[in-house]
Amino acid sequence: MKVIEVVVPVPLNQTFYYLPLQNTDPQSIAGKRIKVKFKNRPMTAYALAVRETAENDFELKPIESIIDNENVITKESLELAKYISGNYVCSLGEALASIIPVSMKIPKRKPKDVFAGDENSYDIRHNLNAAQQNAADMINKSISGGENGKFLMFGITASGKTEVYLTCIEHALNLGKSAIMLISEISLTPQFVDIVTKRFGCKIGVWHSAVSDTEKYKLYMKAKNGEIKIMLGARSAVFAPFENLGLIIIDEEHEHTYKQEQKPSYDAREIAFWRGNYHKASVVLGSATPSLESYKDALENKLALIELPERIDKKRLPEVKVLSLKNKIYGRSLLLPETIDAISKALAKKEQVIVFLNRRGYSPSIMCRKCGSVFQCPSCSISMVYHRNPDLLKCHYCGESKKLPAVCCVCQSKEISVFGTGTQKVEDELKKMFSGAKIFRLDGDTASSKEVYSNAYKGIKNEEYDILLGTQMIAKGFDFPRVSLVCVIDADTSLYLPDFKSAEKTFQIITQVAGRCGRGDMRGNVIVQTGHPEHYAIECAKKHDFTAFYKAETEYRKKLFYPPYCDIAKIVVKNKDDKKAEEDSERLFILLEGFIKSCELHIKLLGPAPAYISKLHNTYRKHIIIKGNKEDMLKAAPLISAYKQSAGTQISIEIMPSDLI
Ligand code: ADP
Ligand code: ZN
Ligand code: ZN
């Protein structure tokens, strides 16, 4: 008798068997997504193969229906799923679900093709300068030779990395191969779609979280059948099922967005290297501020280092002025007189300004002036943020919102004040000071749809706006030639988070946002307001000195034994009952400790301790951190799955998390 072997996206590392549909060739089911009843729940499953069993097994249920018309599971996707399952602690079904989304839907009607780009546009091609040509030559040679080259292109801001990417994509296409290009931030999609479609027309697909389920299905099949040759997109575009892959580019490779936080917590860079090896394709990581891990790999020749040390046309990097917020009176405006002066001068010259503050909302804290209590979210251990229009307190972690209370909930005093500055407040202040200026604010509150990103991009590009104000969404990647001034309102938003990467993230974001100006004909100027002008992350960013930062930061990491000098994993133990969360984390810790000793594993445990945000969504969270080498961590991982926790406890493990918060 013939049965279908399937996997389901649940945390059980085994395959299951179902009977084929009647009147259907069992062989035609393998390779497709199907609907099954799994533990009495309807579920999408992946049909892997047809198996022969000796006798009728009456226990087996038939599958409910077949979702796909054509095969979606490729030989490569199965092997990649095995790799993901083995390296990020998840089941084969869960791994497959991240490669071939469960949610992809076959369009009902034949959809008309929407051409992503602006059809009236024409492509500006630049003759590569010597450094760009050298970069392109190295990469193209590797693509031609099917060499599985691995490159780190360390090119300062506006050194022309994008032009190199385009040249190499073209080379891959000319050889009949396909290419994937990953970008780090959804707000950059309109710019890159514009640039890439101008050069390659309809050969490109665009893939990110805001793409619809039917569009995703279309893109998936087109990539698989070779109807498109380029996939441009966010992290998950790395799975585009091209059969003849020649090149994978990861722009701004240092960004944490390439790391998936949920299970499976894969890193798109590692997936790219795996696929590069599978296809004998080349992988290019590009950045003006490489991650310490990648730069160290380059110094150790695990990646070939390509440098673009100068800006296009030898334009100068902007001058960075650091202004201290040290004696700033708490509660007053964060805009220093010198900053205001610089903005008004730039506006008077009809130049554009970028104002960056990585904090949305109006004011990040609400305090009772009488008893000093701070208003926290009722479900999370974090303060609520005051927003205007409408007037609300919002929790940025669980989304809860409520009215600003009239009296303090502790002492009933009416003396409630809001403190601190978010992007809304900066917008208010800028509007008051520069009444004629047109301001575009781009942050998590205004970016409600795809259109907002393209409005921001086009609006600034076409000079309909004078000031672009926003959070990390505006801090990187943009190429706006008329921006001559960048103001960082508060460089310290990420500086003192209890995370080993906080200095690195601060250095990166300041360098990146500073790099947004002076890209055209005007010299750029940057103002960085900070309460810690002497901090090495700020000093190195001021001097545009990546190497100095790398040196200082790696010394610190080495001393404290953190990546890139070891691997790291984060175990999170959660329960709505604080006591149970604590007990489970302690028992698990002891269990792991015993296992590590008896197996002589080279890993070290830290914790258990409450997470930085110790309560989230009414759930208490405890962390156990593992340091050491990954192989040994993975050996200990089965212990976590096998651990019998108390009712209501959830345990997850993230290998190489992007933060420890
Ligand atoms: P990066 O990605 O390194 O920040 P870009 O690729 O955005 O830099 O290049 C910066 C600007 O220089 C862009 O406007 C781009 O069109 C232009 N550019 C790139 N290469 C050249 C070149 N060889 N000659 C002239 N202009 C160039
Ligand atoms: Zn009070
Ligand atoms: Zn909350």
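Note that ligands are numbered from 1 as they come in the structure, with each ligand's atoms numbered from 1 the same way.
Across Gln508, Glu255, His254, a single residue satisfies side chain to side chain donor-acceptor pair (under 3.5 Å) together with Ser287, and that is His254.
Among the atoms of Cys368, an N, O or S atom falls under 2.8 Å from the Zn ion (ligand 2). Residue contact annotation: Cys380 places an N/O/S atom under 2.8 Å from the Zn ion (ligand 3).
Rounded to the nearest 0.5 Å, atoms OG (Ser658) and NZ (Lys259) are 7.5 Å apart. Here the CD1 atom belonging to Ile354 is positioned 10.0 Å from the OG atom belonging to Ser484, to the nearest 0.5 angstrom.
The main-chain N or O of Gly518 is found under 3.5 Å from a side-chain atom of Arg311 such that the two form a donor-acceptor pair.
Enumerated by chain and number, the residues approaching ligand 1 to less than 4.0 Å through a heavy atom are His126, Asn127, Leu128, Asn129, Gln132, Ile156, Thr157, Ala158, Ser159, Gly160, Lys161, Thr162, Glu163, Ile312, Asp479, Arg519.
Between Tyr465 and Phe440, the two ring planes are perpendicular [angle over 60°; tilted spans 30° to 60°]. Relative orientation of the Tyr295 and Phe546 rings is perpendicular, given thresholds of 30° and 60° on the angle between their planes.
With the Zn ion (ligand 2) as the vertex, SG of Cys411 and SG of Cys408 span 110° to the nearest 10°. Here Cys377 contributes SG and Cys398 contributes SG, and at the Zn ion (ligand 3) these two atoms make an angle of 110°, given to 10°.
Side-chain contact check for Asp267 and Tyr258: no donor-acceptor pair (N or O, by modelled atom type) lies under 3.5 Å.
In terms of heavy atoms, Ile250 sits closest to Ala268 at CD1-O, 3.9 Å.
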